[in-house]
Amino acid sequence: MSTPVQPATSQIGSVDAQRVEDALSLIAPKWTTWSAQTLAQQGGPMRVRDVAVRLPFISEQLVGKRLAQMHDDGLVTRAGDRHGAPYQLSGFGDSLSSVHRALSDWSHANLPLGKVAGAERVEDAVRRLHLRHSTAVIQVLDAGGPMRFVHIAEEAGLDNGFTRQRLNRLQLDGLVTRTGPRHGDPYVLTDAGRALGPVYAAVERWSNPVATPRPAAAPVAAATRTHTDIPLGSDGIRTAAALRRSAAAPNSLFSHAPQRQPRVPAAVAALSAPSRGR
């Protein structure tokens, strides 16, 4: 059954695809959202063991590793370097609430996940969106309507094989579908894919809050350009370095879909606090 084609009416084409994916890569590691929301609900410094107590389904060792990575990426700060020093959200990390809210709203409206914890819903949404060049492919389809994969690859400036692999993943994640059952039938965005504009806009604003609105950019440009206009506040230098590490990663690192992470059992998830903004 074919999916009706609708003209692009969202912010999908106007966002910077690379900036969005670089920003999503900072919050994509499993348990980052859980850790950030736990710190946000506390509203002050927490030691690793105290965060782990709030997240009984994660080992204290893994919580420590995740917080250390979030510190390197500028999402949290630490009161000194001594062993056991507590963590708290940086200004950059605290402003994640707008991104979490946009991801949660999009997921609730478009994904049939059933009843899951708020943080789990956000992490599931990030998993679907953060892979390199996924945003560029979605931008091409949003602008061009039904397209064969070779034309998508050409417009996005990507290798044919990589493009087919990325389209297969986007299909599994419910963002893209084919207009018919035959091999070679054109691809089109699903309703969930077409609804991504507010999510992309929230992520881009979060990664660069001082950026001024820009007119829609050509998808191929969004797929290839790089950026140095990260705002450098007290946490910005560390954050900019994290975004550069993400942008400098070879494309081969993103050419294979990661393994799905197991869902947190409902009984355990019920013990956790609900998502912020819901």
Side-chain angles (χ1 to χ4, degrees), residues 21-97 99-100 103-104 107 113 116-132 206 234-235 237-246 248-250 252-254 256-276:
E21 289 168 5
D22 289 347
L24 286 172
S25 73
L26 300 183
I27 59 177
K30 188 68 174 173
W31 312 121
T32 298
T33 299
W34 290 90
S35 300
Q37 292 190 1
T38 299
L39 289 170
Q41 288 155 5
Q42 173 69 16
M46 296 183 73
R47 299 183 186 277
V48 171
R49 63 173 177 268
D50 297 323
V51 176
V53 167
R54 302 282 188 90
L55 304 173
F57 39 85
I58 315 174
S59 70
E60 183 173 330
Q61 182 182 24
L62 182 53
V63 170
K65 289 181 178 179
R66 182 57 62 241
L67 289 171
Q69 183 62 56
M70 292 170 68
H71 182 265
D72 288 343
D73 291 341
L75 298 175
V76 298
T77 59
R78 201 174 189 191
D81 296 327
R82 70 185 187 281
H83 179 72
Y87 291 92
Q88 68 182 61
L89 288 175
S90 64
F92 185 55
D94 189 59
S95 65
L96 259 177
S97 59
V99 175
H100 288 172
L103 288 163
S104 180
S107 176
L113 298 183
V116 298
E120 182 73 3
R121 181 177 291 277
V122 170
E123 293 203 341
D124 173 84
V126 175
R127 177 190 61 77
R128 297 169 191 260
L129 301 177
H130 82 280
L131 293 181
R132 183 64 71 203
W206 171 68
S234 59
D235 309 308
I237 294 176
R238 182 179 290 114
T239 301
L243 290 170
R244 285 196 299 272
R245 286 200 304 274
S246 175
S252 61
L253 294 178
F254 303 91
H256 297 283
Q259 295 297 316
R260 287 182 178 271
Q261 296 287 349
R263 290 191 182 279
V264 177
V268 175
L271 300 175
S272 67
S275 173
R276 299 179 72 196

message = Measuring only between side-chain heavy atoms, which start at C-beta, is Thr32 closer than 4.5 Å to Leu75?
response =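 Sidechains of Leu75 and Thr32: in contact.
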For the atom pair [atom1] ([X]) and [atom2] ([Y]), what is the distance rounded to the nearest 0.5 Å?
X      : Y      : atom1 : atom2 : result
Arg128 : Leu131 : CZ    : CG    : 12.0 Å
Leu26  : Asp73  : CG    : CG    : 5.0 Å
Arg66  : Leu62  : CZ    : CG    : 6.0 Å
Ile58  : Trp31  : CD1   : CH2   : 4.5 Å
Thr77  : Gln88  : OG1   : CD    : 4.5 Å

query = Can a salt bridge be assigned to the pair Arg49 and Glu60 using a cut-off of 4.0 Å between side-chain N and carboxylate O?
reply =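 No, Arg49 and Glu60 are not salt-bridged.
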ask   = Should Asp50 and Arg54 count as an ion pair when the cut-off is N to O under 4.0 Å?
value =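 Salt bridge flag = no for Arg54 with Asp50.
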ask   = Counting N and O atoms only, with roles assigned by atom type, does the side chain of Ser90 sit under 3.5 Å from a partner on the main chain of Gly74, one being a donor and the other an acceptor?
value =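 Flag set: sc Ser90 to bb Gly74 pair under 3.5 Å.
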request  = Would you confirm whether Arg132, through its side chain, and Glu21, through its main-chain N or O, come within 3.5 Å as a donor-acceptor pair?
outcome  =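 Judged by distance alone, no pair lies under 3.5 Å.
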Determine the minimum heavy-atom distance between [X] and [Y], stating which atoms define it.
X      : Y      : answer
Ser104 : Val122 : CB-CG2, 4.2 Å
Ala125 : Leu103 : CB-CD2, 3.9 Å
Met70  : Ser35  : SD-CB, 3.9 Å
Val76  : Leu67  : CG2-O, 3.7 Å
Met46  : Thr38  : SD-O, 3.9 Å
Pro86  : Pro45  : CB-CB, 3.7 Å

inquiry  = Determine whether Leu96 and Ile27 satisfy the following criterion, side chain to side chain contact (heavy atoms under 4.5 Å, CB included), listing intermediate values before the conclusion.
reply    = CA-CA 9 Å; Leu96 259 177; Ile27 59 177; 3.8 Å; yes
ask   = Taking it one step at a time, do Gln61 and Lys65 satisfy side chain to side chain contact (heavy atoms under 4.5 Å, CB included)?
value = CA-CA 6 Å; Gln61 182 182 24; Lys65 289 181 178 179; 4.1 Å; yes
inquiry  = Could you work out, with side chain to side chain contact (heavy atoms under 4.5 Å, CB included) as the rule, every residue matching Ser107, not counting sequence neighbours?
reply    =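 Side chain to side chain contact (heavy atoms under 4.5 Å, CB included) check on Ser107 returns Leu111, Leu113, Arg121.
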task = Look at the rings of Trp206 and Phe92 and say which category their plane angle falls in: under 30° parallel, 30 to 60° tilted, over 60° perpendicular.
result =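 Parallel, since the angle between the ring planes stays under 30°.
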